[in-house]
Each structure stands twice: as C-alpha cells, then as structure tokens.
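Reviewing the structure listed below.
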There are 2 protein chains.
Amino acid sequence: MCIAGRSIISVTIKDIAKLANVSHTTVSRCLNDSPLISDKTKNRVLKIAKELNYEVNSSARSLSTKKTGIIGVIYQQELEDFGSSAYINELFLELRHNLETLQLDTILLEAINPDTFMSNTIRLIRQHKVDGFLLIHGQISPNDITYINEYDIPAVQVHFKPDYLDLNTMDYYITDNIRGGYIAAKHLIERGCRKIIALECSPNIGKEFEDRTTGFKNAAKEGRLAEEDCMVFKMKCKYLSAYHFVHEHIELIRTCDGIFAQADILASACITALKEHGLRVPGDIKIVGYDDSFYSTLVPPFITTIHQPREEITVKACNRILDLIKTDGEEIKSLEQEQIEPYLIIRETT
Amino acid sequence: MCIAGRSIISVTIKDIAKLANVSHTTVSRCLNDSPLISDKTKNRVLKIAKELNYEVNSSARSLSTKKTGIIGVIYQQELEDFGSSAYINELFLELRHNLETLQLDTILLEAINPDTFMSNTIRLIRQHKVDGFLLIHGQISPNDITYINEYDIPAVQVHFKPDYLDLNTMDYYITDNIRGGYIAAKHLIERGCRKIIALECSPNIGKEFEDRTTGFKNAAKEGRLAEEDCMVFKMKCKYLSAYHFVHEHIELIRTCDGIFAQADILASACITALKEHGLRVPGDIKIVGYDDSFYSTLVPPFITTIHQPREEITVKACNRILDLIKTDGEEIKSLEQEQIEPYLIIRETT
DNA sequence: GTGAAAGCGCTAACAG
DNA sequence: CTGTTAGCGCTTTCAC
C-alpha cells in the first residue's frame, strides 16, 4: 500500500492534505483539534488520517514545538543490584507505566555516563531530547540540580531527597521515613516487645534510613523502653549482612523479642538465620520489615512490613511532571513538595 | 552566559558560524568530522563549539538524517514480577549500559500499550522515534514482527526466540537451553546422583524450559539413569511453587539425590524447604540451579548453577543493532542468528 | 474557516 | 575546501 509512490510507513500531513483537498496547515490543525476548524472538514480529514494510518513524525513536531513527549528517568547506578533495591525497581516500572498512560515515553539513564563521566542529564537537556526528568536518585550531582534550576527544566524528585542540597526550588514526592520507623516500632511494642533491635541500612541514601531509626527511637521512648533495650546496628542493605549479623549476635538476639529490619530483604535474611538457630518467628521473636517489596511475600512466614506508598508517589509524580511540561514556566508554578505517609501491613511475622 | 541575547542553553550551529566567520554548513561539517574541511578551520570551529558548550539539537538532526540515536527496548509485561525474572532484569540493565557505551539512548516499553492495547512497536516506528529495536520478549505479536520485517526496521531478538514464528528474517542471540540442561544434569550425575528431579518452569516462554528438560533427559540417558529415576515436574517460576513442592513431595524427594531447578529462585526455595525437613544440601541431596542470577549467591550455601552468557549476548546484540542502523539496508545484510553456550558455575550445592 | 509563507536546526546536493 | 540553497515534516503567525 503506497501513497504517491512512497510506502505507507511515512505518510505526512501533505499526503493527507492532497487527498482531503485542503492545505497541510488545515490538516495540522485538525490533528491537533484546533477550534478554528469546522467539524465537517475536521471529520473528513481525521477519517483520511486514520485510513492512512497516519502518525506524526515526532522529530518534526519536536523541532517546531520544542516538546519531545519523552521523559528522562534518572536512576542510581549503584542500585543496579536488584537484590537490595527491589523496591526501587518496582517503583521504576510503575513510573514507566504511568508515563505511558499519559502518552509519554521513557528514556532510562544513569546520571553519569559510565564511559565519559559526563552528565547524561545535562546532555539530554542540551540535545533537546527530553521534556523533563523524573529523578529516582539519592545523590544527584549538585551541578545537575543547578543546571535544571537555572534553565527551569521540568523535573521532579521521586522517593529520594538529597539532603546535601537546598531543594527549595525543586518538586519532590517522598515518603515519611520517620513516620515509617515510628509505626514499625510502635507495632512491635503493641505486640508486647520490650527489647528491640533495629537494623539500619548503611550507607545512608539521603537520610532515609537515619530517619527510620529516628522514628523507631521516638516510638521506643513513647513506649517507655529503656535506652539499652532499643539497639541500633548498621549494615549494608544486603541479605548476607543481616544473615551474618544474626549468626554473630545470636546470644544477644536470644535476649530480644523484636527486630525492626529497615528493608524486607534484611527481614527475610533474619528469619532464615533465626530458624537455623531454632528460634521461631513470631513465637520467640517478632519482626517488622520495610518496603513491602516482593521479598515480604517470598517465603513463609510472610513479613509484616511498612508499605511504601508507591502508587501514590508515582501517580502524583507523573501527573506533576506532565503539568510542568504543559505550562512550561508560563505561570509561576508553585512548589509541590509532598511527604507521603507509609502504612503498616500486618502479615505473619508479628 | 548568553549568546546574542539567547541563553546558552540553545546554541545553534549558526551561532558558532557567526563567531567563526564561516557558513553554518561548514560548522555542520566540522562537527561531523567531514574530510572536506581543512584542519585549520576544523580546529577553530570545534574550539568555539566547545567553548559555547554546543550540543546538537537532536530533533533537527533526526528530521534531516532520519536517525534518532534511540533504541526501543521491548520487554515483556508479565515479567514485571522482579522476583521470578531476576535474570531478565539483569539482562536489561546490561543492554542499556552497552547501548549507552555506543552512544545510543534507550526507550523502554512494553510491546502493547496497556491502556489503548495498540502496539508500541508500530507506533514508535511510525513516529520515527527510534532507530531500531531490541526485543527481550518471548511472545511478541506476529503483527509486530511482520511490520518490522516488511519495512526492514533494524531489530534483534535477545534471549528469547518465539517458537511460533518463522524467524528466518530476524537476527537473534539466544542461549542454548538444551545444552544448559545437559550440562546441569551431567554435572549432577558426575557428582554421583542416580535419581534426579527436574523442576521445569511453566508456562514455557518460547521453548526455553522445555529445551532445558530435553537436555536434562539427554544427559540422563547418556548416564544410564533409569527412566523412572529422572522425573520432571512443572511449576510456576515462583519461589513458593518450589517451596510447596518440596513440602508436598518430601517422601519422594528423600529417595532422590539430585535436583535440577530451572531457575535459581527455585533452587533457593528448595534449599530452604529441604533444610526445614532436616535434609542437607549438598550432603543429602545436590542441587543445580539456572541463570546465575543474584539468587544464586543470596543465601549460603551458594548455588551451583548454569551461567547465562549475558555479557556475550548483550554485547553482540548491541553491536549488531548499531551495525544494522548504520548500514541501513544499504548492503543486503546477512542474518545473524547465534546460539550462545551457557556454562556451569560450581558453588556449594553440589 | 482556511491557506500561504516562514521558520524550527540540521544535513546534503550543487556550485564554485 | 567553502558557501548557497533547498528541504526534512511540522506548527504558527498573518492575511484573506
């Protein structure tokens, strides 16, 4: 099937114009649903467009509108380890999905090109390759942020909020980690725990884990646990770290009745290791995880955990970026900085 | 920092041309390292370009070259479950990384738009939004394949090879699953196993798992195992499936000395469940997994497994797609269809 | 309501 | 070796 000798793969508005006996300008207006055009011609043109299976040439449109319909999603290289970043990956897929719903395509990249060490963020902006950014990155470079702010590039920070920056100028949707830690500890205490260990992930990304510990301590104080009965241990967010921790501190752990693991993967490791020492969960010791990632329902007993409100975060972030792109700095946009509350999901480990 | 009153963010070749006292054509040639230009002007122009921090406007370039520098990577929606698709995700990140090394950006999408149920593949082609595709998808629609073939869109199938299609027209890099199954079983037999259970993942994507079973049986026959001593059980590729399987068939399993789990996650589940029944791995029963995903080194004992040659596959696929894009159907391209051999990694479960 | 014409930033054919 | 010119496909004034 060919139009004027050229394969159907590249139908242009001129082709449609010819068949509809109008100018290509009119076709363009029809396709963009301009109010200038009469319904009659609009319908006729759209029908032909459909018949020809027309799709806009996005380069051409971009060149003239300066919009690409593409969002750059920046992720953190170090999180490539899918084991310890299950939640981030779930987050990413949700973002991509939501963007698609909003008719936006997604370019995924690391902040830094691993070969040239140049900023991908800045490159994409200068190349006009994306309309904006979603940043799932706890340690984005200050340069990038400055650049984004200076040129007023639409961008929203998702999940992470780098604490080394003054982010007064950038939108973000993050979770309330203090609250999450608080809920977790409070739940343990309500279940009767009086001596609790918190497993804090380290290194800290932003203050994510530190905050969870803060919340944990707040609840402990509120529940009148003695200082020495709420201990905090830092470790890498890896299965083996928690696994070895349990083996190395088993005597201490035997004297405890609760563990707050700041990631489900750590909770899962604890359960396995405890089992090897003959300790029962939740009989001998109760455990609360964090994230509500797939780890929490991988092996029985399923893990009581803090649900990260990914649905809300991703939907809001995607809608927001779309807004920013559309208004494009016309109106002075107010800042959207929201901290969304996580909540407890009770399963079998408490 | 502004050039002619416009912010540095949009430096064009005309800006450079003015400063260098040449035509914009010359600038374009310099930037593209044309042999037509004298070294002297080339150096001068490039220096200025660098000073101005010039980056090409990719829409403009695309419009005129019909190349976008973007590859569409199509993944399978059902694989969103990161638990049971650890390997695919590792594969994807490697692909993205390699593409970036080749100066290609990556748009990630599902084959079908989940809202409109239209083909994303075809949309992107018609919109001229990508130069080609990498397909990590076992069940890509015949329509998409037909379209890709008909219009000669660069595309290479990675890891999967849909068996319902005549793929004589498309490049692919896949792994030899029959070989993988064979190696796994042979290793068990060499370690002294005489009664082995194979856990086959189902549903089958392509013939991936079926092939592994075929290889398994070949090795069993070669090792003179009795028919009834090499059993095959099908199950979902989920942790819990294998976990429950062990509990439900523990009496049978006690009579066995080897398990070939067709995914590391299944192997991991088996180990946990066996431990709960007091069976030791590898003492009482030996286990070989598949994929060499992060699951295989998550919990001790680390899993002996079949390494999927992801490095080779991804590098070859990315280089190939770049080739296809460059030559752009000029030369009649020969078909690249390679089946790459997986290999055994011995760890602690055998 | 519709069309003619200009322009987005780049590449490429053609001329010199 | 370099410049002039046209054109990629679309949107957007401006005129009618």
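So you know, we letter chains A, B, ... as the sequences are listed, proteins then strands, and number each from 1.
Using a 4.0 Å heavy-atom distance criterion, B:Ser62 is classed as making no nucleic acid contact. Contacts of B:Ser28 with the nucleic acid, taken as non-hydrogen atoms under 4.0 Å apart, include base atoms. Within 4.0 Å of A:Ser59, counting heavy atoms only, lies no atom of the nucleic acid at all.
For A:Ser59, the side-chain hydrogen bond (donor to acceptor under 3.5 Å, both in side chains) test picks out no residue, with sequence neighbours left out. In this view, B:Asp105 and A:Arg123, A:Lys129 satisfy the salt bridge (Lys or Arg N to Asp or Glu O under 4.0 Å) rule, not counting sequence neighbours. Residues meeting the side chain to side chain contact (heavy atoms under 4.5 Å, CB included) test with A:Lys14, sequence neighbours left out: A:Thr12, A:His24. Remark: A:Leu36 engages A:Arg29, A:Ser34 in a side chain to side chain contact (heavy atoms under 4.5 Å, CB included) (not counting sequence neighbours). Residues meeting the side-chain hydrogen bond (donor to acceptor under 3.5 Å, both in side chains) test with B:Ser38, sequence neighbours left out: B:Thr41. With sequence neighbours excluded, the residues satisfying side chain to side chain contact (heavy atoms under 4.5 Å, CB included) with B:Ser23 are B:Thr25, B:Thr26. Residues that satisfy the side-chain hydrogen bond (donor to acceptor under 3.5 Å, both in side chains) test with B:Thr65, not counting sequence neighbours, are absent from this structure.
Using a distance-only test at 3.5 Å, with no hydrogens or angles considered, a donor-acceptor pair links the side chain of A:Ser58 to the main chain of B:Gln127. Remark: the backbone N or O of B:Met118 is not paired with any side-chain donor or acceptor of B:Asn113 at under 3.5 angstrom.
Taking atom NZ of B:Lys40 as the reference point, atom P of D:dC1 lies 12 Å away to the nearest angstrom. In this structure, the NZ atom of B:Lys18 is 11 Å from the P atom of C:dG9, given to the nearest Å. Separating the NZ atom of A:Lys42 from the C1' atom of C:dT2 is a distance of 13 Å, rounded to the nearest angstrom. In this structure, A:Asp39 atom CG and C:dT2 atom P are separated by 10 Å, rounded to whole Å. Atom CG of B:Asn43 and atom P of D:dT2 are 11 Å apart (whole Å). The separation between A:Ile37 atom CD1 and D:dT11 atom C1' is 13 Å, rounded to whole Å. The CG-P distance, from B:Leu31 to C:dT11, rounds to 7 Å in whole Å. Taking atom CG of A:Asp15 as the reference point, atom P of D:dC8 lies 11 Å away to the nearest angstrom.
Heavy-atom nearest nucleotides on DNA chain D were determined for B:Ser38 and for B:Lys66, and the one closer to the 5' end corresponds to B:Ser38. Each of B:Tyr54 and A:Pro35 was assigned the nucleotide of DNA chain C with the nearest heavy atom; the assignment lying further toward the 5' end belongs to A:Pro35. For the pair A:Asn21 and B:Ile13, nearest-nucleotide mapping onto DNA chain C gives the more 5' position to A:Asn21. Comparing B:Thr26 and B:Leu63 along DNA chain D, the residue whose closest nucleotide (by nearest heavy atom) sits nearer the 5' end is B:Thr26.
Donor-acceptor pairing under 3.5 Å, judged by distance alone, is absent between the side chain of B:His24 and the base of D:dT4.
Across all non-hydrogen atoms, the minimal contact from B:Lys66 to B:Asp131 is O-OD1, 4.3 Å.
With C:dT11, C:dG9, D:dC10 as the choices, the nucleotide that has an atom nearest any side-chain atom of B:Ala60 turns out to be C:dG9. In the set D:dT11, D:dC10, C:dT11, the nucleotide with an atom closest to the side chain of A:Thr65 is D:dT11. Checking D:dC10, D:dG3, C:dC10 against every side-chain atom of A:Asn57, the shortest atom distance belongs to D:dC10. Relative to the side chain of A:Val22, the nucleotides D:dC1, C:dG3, D:dT4 differ in distance, and C:dG3 lies closest.
Counting heavy atoms of neighbouring residues, nucleotides and ligands inside a 6.0 Å radius, atom CD of A:Gln103 does not exceed 12 of them.
The shortest distance between the side-chain N/O atoms of A:Ser64 and the OP1/OP2 oxygens of D:dT11 is not below 4.0 Å.
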N/O to N/O distances under 3.5 Å, protein versus nucleotides 13-16 of chain C:
from, atom 1, to, atom 2, distance (Å)
C:dA13, N6, B:Arg29, NH2, 2.9

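Comparing the helix axis at one end of the helix from C:dG1-D:dC16 to C:dG16-D:dC1 with that at the other, each defined from 5 consecutive pairs, gives an inter-axis angle of 40° (nearest 10°).
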